[in-house]
Amino acid sequence: MYLPELPGLKNSSKQTRVFGGLNETFGCTEAEYAAGENFSSRDFPALSTRMPRRKLRDLDGVDGMYHLNGFVLIRAGELTYTPDSGEEPVTLSGALETGKKALVGIGTKVLIFPDKKAFDTADHTLTALGAAWGGGGDAVEVMPCDADGNTYTVASWGGTEPEEPQDGQVFLKVESASSPWNADGVLEVYSSSLERWSSVTLDYCRINAEGIGKDFADWDTVTVEGSAAAAADVCEDLDGEKVLYKVSEDWLMVRVTPGGEHYYGRLLQTGRQAVWTSLDGKTTQSYTVEKALQCTRRVPDMDYLTECDNRVWGCASGDNVIYACKLGDPTNWFSYRNTAADSYAVTVGSDGNFTGAATCMGYVLFFKENSLHKLCGTKPSDFQLSSLRCRGVAKGAAESLCVLNETLYYLSPEGVMAWDGSLPVKVSGVLDAEGLAEVQRAAGGWLDGRYYLCLWTGEEGRLLVYDTERGLWNQEDPGSGKQLEMLSSGRQLYLWDGTALWAAGPARDEDAVMAEETGRAEAALPFQLVTGDIGLDQTEDKYLSRVVLRLDAQPGTWLEVWASCDGGPWEKLASALAREEKEKLCIPLVPRRHDTIRFRLSGTGQVTLRSVSRTFAAAKGGL
């Protein structure tokens with residue numbers, strides 16, 4: 001009689017040497033971890049703790065940080081600029097209002113909103129972007145002039161020129177004797193060398209007042225309001241947006257359209273009272289206007305700013321408008337002269353408030369929670385706006401916008417997105433979607449191919465790190481403070497945790513100018529890692545009988561290994577300490593019988609997990 005021979009179950013083993021990152025979903029594999037802190041993919045395929053941060057200085061109350069040829073720090077209304085060259089820091093006290101700032105750089109200037117000021121890193125001066133004069137009782141004289149800014153006094157007027165004129169004599173040839181100062185007259189100047197009269201065109205206007213041109217410059221566009229020119233019938237278009245063709249400390253020159261019964265005359269306005277005098281000084285008339293004359297170089301209120309192609313771009317949710325400044329000139333936002341250097345403005349039709357702005361791949365991008373507005377072109381005549389209905393930037397996440405390796409990363413209401421010029425793609429599929437949806441504020445930064453994203457939900461903070469080259473997520477501690485600001489200089493990532501300024505990367509040359517001494521590294525780095533459930537992919541015939549961890553530990557590292565069987569309490573399995581030298585640790589673990597098991601690795605110091613070996617034994621005894 002022959003009986004069938006059943007093959008016996010033999011022990012099997014698996015080894016993991018390529019580790020993934022954080023995976024908070026049910027799809028967490030044995031090479032990933034379900035929860036943890038302060039691990040990094042910097043030594044991929046091994047799993048290492050992150051590099052210790054270096055404390056540069058104690059710092060509280062930061063309103064804004066920016067890097068442009070140096071480190072710009074704004075706190076409590078005070079601006080401090082520390083040049084990269086190592087020169088002495090520059091401090092401007094009381095120059096700004098307190099509160100959160102939006103900063104953007106163009107050329108050597110850092111623009112500061114909502115203060116609407118610009119700090120020049122070259123000459124270390126802080127100036128206002130806008131400018132205004134008037135509105136009070138100052139005396140202002142308005143009179144026509146030629147293209148060179150010259151004004152004239154008429155010696156005589158009539159229908160025909162005098163018979164024996166003097167060289168340089170000024171004569172006004174009129175069409176009607178009843179209205180001699182009408183704009184249809186022709187101003188003439190006699191030249192004895194040419195022995196003839198030459199006409200002079202007065203299609204410009206000079207506005208004379210003490211100090212009126214102090215804060216303005218040639219080719220500025222200003223808004224003129226409250227002039228008595230229309231009431232006095234001098235001209236109709238002096239009020240409005242005007243280009244300053246010439247500027248002196250005490251006068252401005254703008255272009256006007258000649259017209260009116262009293263064009264050829266001087267208009268002296270003091271507050272709301274105005275007196276018009278003819279060019280020969282013999283005729284006067286008085287007028288009253290609603291308000292005093294005022295000249296203003298306006299800068300719009302904007303929520304978010306970015307720079308592209310030597311222009312600063314901004315958006316305003318109040319009127320749903322996107323603005324661009326004049327080419328290379330952030331002081332002029334309403335300059336429309338039909339040139340390639342003009343300012344630009346466009347109204348968008350999408351619903352909701354703007355949530356962020358950025359520049360990527362040569363495009364200017366403005367986001368709302370459910371839409372993206374993309375602007376392209378090289379000059380106002382060919383700027384094109386295209387709108388896309390997609391997952392935009394979440395409310396409060398404008399600072400999460402970060403360009404890294406030609407890709408724009410940001411936090412949307414549905415997760416972290418990556419935009420490379422086509423459509424946004426979600427890259428946070430392994431993260432807890434519900435936790436990302438509850439974020440109230442987010443800030444981003446980058447360093448060495450990694451995207452740092454700090455999330456705040458109420459009083460709790462969380463710092464996630466995305467390795468863009470490998471597509472792996474990790475989590476780091478956000479610091480001891482209750483907030484976190486980040487600034488990427490290109491070579492370094494600075495983090496402010498509410499109490500101190502830290503450098504996240506290796507020591508760089510520019511760190512020395514920011515550090516009070518040499519920068520102090522973190523003394524003891526706490527770390528923790530919790531695996532997902534192990535054993536879900538095994539049959540009932542086998543169980544995990546032995547685990548061997550192989551790690552590299554730096555001097556002073558202390559660690560513990562815990563296990564939780566079938567969702568039960570944590571049980572300590574092993575501990576280790578690397579004393580004075582770097583050690584290679586081999587930690588064997590023999591857990592009790594279980595269906596599924598989780599491991600927790602915790603401690604302080606620097607470790608690198610090199611491999612995990614798992615041995616599966618046959619389940620006997622009817623189990």
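Because the structure is a prediction, the values reported are computed rather than measured.
Side chain of Thr296 to main chain of Ala132: no donor-acceptor pair is present (N/O by atom type, distance under 3.5 Å, no hydrogens or angles). Counting only distance, with no hydrogens or angles, the side chain of Asp220 and the backbone of Ala217 share a donor-acceptor pair below 3.5 Å. A donor-acceptor pair under 3.5 Å is formed between the side chain of Glu307 and the backbone N or O of Asn310. A donor-acceptor pair under 3.5 Å is absent between the side-chain atoms of Glu32 and the main chain of Asn23, judged by distance alone. Looking only at distances, a side-chain donor or acceptor of Thr25 sits under 3.5 Å from a matching main-chain atom of Gly27. Put simply, the side chain of Asp303 gets close to the backbone of Ser317: a donor and an acceptor are under 3.5 Å apart. Under a 3.5 Å cut-off, the side chain of Thr223 and the backbone N or O of Gly240 do not form any donor-acceptor pair. Between the Asn38 side chain and the Pro526 main chain, a donor and an acceptor come within less than 3.5 Å of each other. Looking only at distances, a side-chain donor or acceptor of Arg42 sits under 3.5 Å from a matching main-chain atom of Thr49. Looking at Lys379, its side chain never comes within 3.5 Å of a backbone N or O of Ala341 through a donor-acceptor pair.
Applying the ring pair (Phe, Tyr, Trp, His ring centres under 6.0 Å) rule to Tyr452 yields no partners; only residues at least two apart in sequence or on another chain are considered. Legend: residues meeting ring pair (Phe, Tyr, Trp, His ring centres under 6.0 Å) with Phe119, ordered by chain and number and at least two apart, are Tyr81.
With a 4.5 Å cut-off on side-chain heavy atoms, Ile74 and Ile112 count as touching. Side chains of Val72 and Leu79 form a contact here, defined as non-hydrogen atoms less than 4.5 Å apart. A 4.5 Å side-chain heavy-atom check between Thr499 and Asp58 finds every atom pair outside the cut-off.
For the pair Asp239 and Lys242, the salt-bridge criterion is not met [side-chain N within less than 4.0 Å of a carboxylate O]. Salt bridge present: Arg75 and Asp60 bring a charged side-chain N and a carboxylate O closer than 4.0 Å. Looking at Asp477 and Arg50, a side-chain N of the basic residue comes within less than 4.0 Å of a carboxylate O on the acidic one, giving a salt bridge. Between Lys101 and Asp115 there is a salt bridge, since a side-chain N of the basic residue sits under 4.0 Å from a carboxylate O of the acidic one. Checked for salt-bridge contact, Asp497 and Lys55 miss the test: no charged N lies under 4.0 Å from a carboxylate O. A salt bridge links Arg298 with Glu241: the distance from a Lys NZ or Arg NE/NH1/NH2 to an Asp or Glu carboxylate oxygen falls below 4.0 Å. A salt bridge links Lys100 to Glu399: at least one charged side-chain nitrogen sits closer than 4.0 Å to a carboxylate oxygen. Checked for salt-bridge contact, Glu476 and Arg53 meet the test: a charged N lies under 4.0 Å from a carboxylate O. The existence of a salt bridge linking Lys116 and Asp301 is confirmed by a sub-4.0 Å separation between a basic side-chain nitrogen and an acidic carboxylate oxygen.
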Give the intermediate values and the outcome of side chain to side chain contact (heavy atoms under 4.5 Å, CB included) for residues Trp473 and Glu24. CA-CA 10 Å; Trp473 284 96; Glu24 299 176 322; over 6 Å; no

List the steps and the verdict of side-chain hydrogen bond (donor to acceptor under 3.5 Å, both in side chains) for Thr331 and Asp329. CA-CA 5 Å; Thr331 63; Asp329 184 4; 2.5 Å; yes

Test salt bridge (charged side-chain N to carboxylate O under 4.0 Å, His left out) on Arg441 and Glu485; report intermediate values, then the result. CA-CA 11 Å; Arg441 179 177 173 269; Glu485 301 284 345; 2.6 Å; yes

Between Gln528 and Arg600, is the side-chain hydrogen bond (donor to acceptor under 3.5 Å, both in side chains) condition met? List the steps. CA-CA 7 Å; Gln528 179 173 283; Arg600 184 178 74 193; 4.5 Å; no

Walk me through it: do Phe367 and Phe354 pass the test ring-ring contact (aromatic ring centres under 6.0 Å, His included)? CA-CA 6 Å; Phe367 290 89; Phe354 288 103; over 10 Å; no

Step-by-step side-chain hydrogen bond (donor to acceptor under 3.5 Å, both in side chains) determination, Asn474 to Ser40: CA-CA 6 Å; Asn474 289 282; Ser40 168; 5.4 Å; no

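Ring centers of Phe39 and Phe527: under 6.0 Å apart, within the cut-off. Residues Trp446 and Tyr451 place their aromatic rings such that the two centres sit no closer than 6.0 Å. In this structure, Tyr344 has its ring center at least 6.0 angstrom away from the ring center of Tyr323. Close placement of the Tyr494 and Phe71 rings is indicated, their centers lying within 6.0 Å of each other. Aromatic pair Phe383/Trp313: ring centres closer than 6.0 Å. Taking the six-membered ring for Trp and the full ring otherwise, the centers of Trp219 and Tyr245 sit less than 6.0 Å from each other.
The minimum heavy-atom distance linking Asp467 with Ser41 is given by the pair OD2-OG, 2.7 Å. Across every non-hydrogen atom of Lys109 and Leu68, the tightest pair is O-CD2, 3.5 Å. Residues Ser412 and Gly392 approach most closely at CB-O, 2.9 Å, considering heavy atoms. Of all heavy-atom pairs between Leu472 and Gly21, the closest is CD2-N, 3.8 Å. Of all the heavy atoms in Gly314 and Leu305, the pair that sits closest is CA-CD2, 3.9 Å.
For CG of Asp309, the number of neighbouring non-hydrogen atoms (other residues, nucleotides, ligands) closer than 6.0 Å is 12 at most. Counting heavy atoms of neighbouring residues, nucleotides and ligands inside a 6.0 Å radius, atom CD of Glu97 does not exceed 12 of them. The local environment of CG in Asp123 is crowded, with over 12 non-hydrogen atoms from other residues, nucleotides or ligands closer than 6.0 Å. Other residues, nucleotides and ligands contribute more than 12 heavy atoms inside 6.0 Å of the CG atom of Asp382. Annotation: Tyr363, atom OH; neighbour count of heavy atoms from other residues, nucleotides and ligands within 6.0 Å does not exceed 12.
Judged by distance alone, the side chains of Thr355 and Lys395 never bring a donor and an acceptor atom under 3.5 Å apart. Checked by atom type, the side-chain pair Ser335/Asp342 shows no donor-acceptor distance below 3.5 Å. Side-chain N/O atoms of Thr347 and Asn320 include no donor and acceptor closer than 3.5 Å. A side-chain donor-acceptor contact under 3.5 Å links Glu78 and Ser93.
Within the model, atoms SG of Cys454 and CG of Leu484 stand 4.0 Å from one another, a figure rounded to the nearest 0.5 Å. Distance SG/Cys376 to CG/Leu365: 10.5 Å, rounded to 0.5 Å. Within the model, atoms CG of Leu252 and SG of Cys295 stand 5.5 Å from one another, a figure rounded to the nearest 0.5 Å. For the atom pair Trp133 CH2 and Arg297 CZ, the distance stands at 15.5 Å (nearest 0.5 Å). The structure places CG of Leu404 at 8.5 Å from OG of Ser488, a figure rounded to the nearest 0.5 Å. The line from CG of Asp43 to OG1 of Thr608 is 5.0 Å long, rounded to the nearest 0.5 Å.
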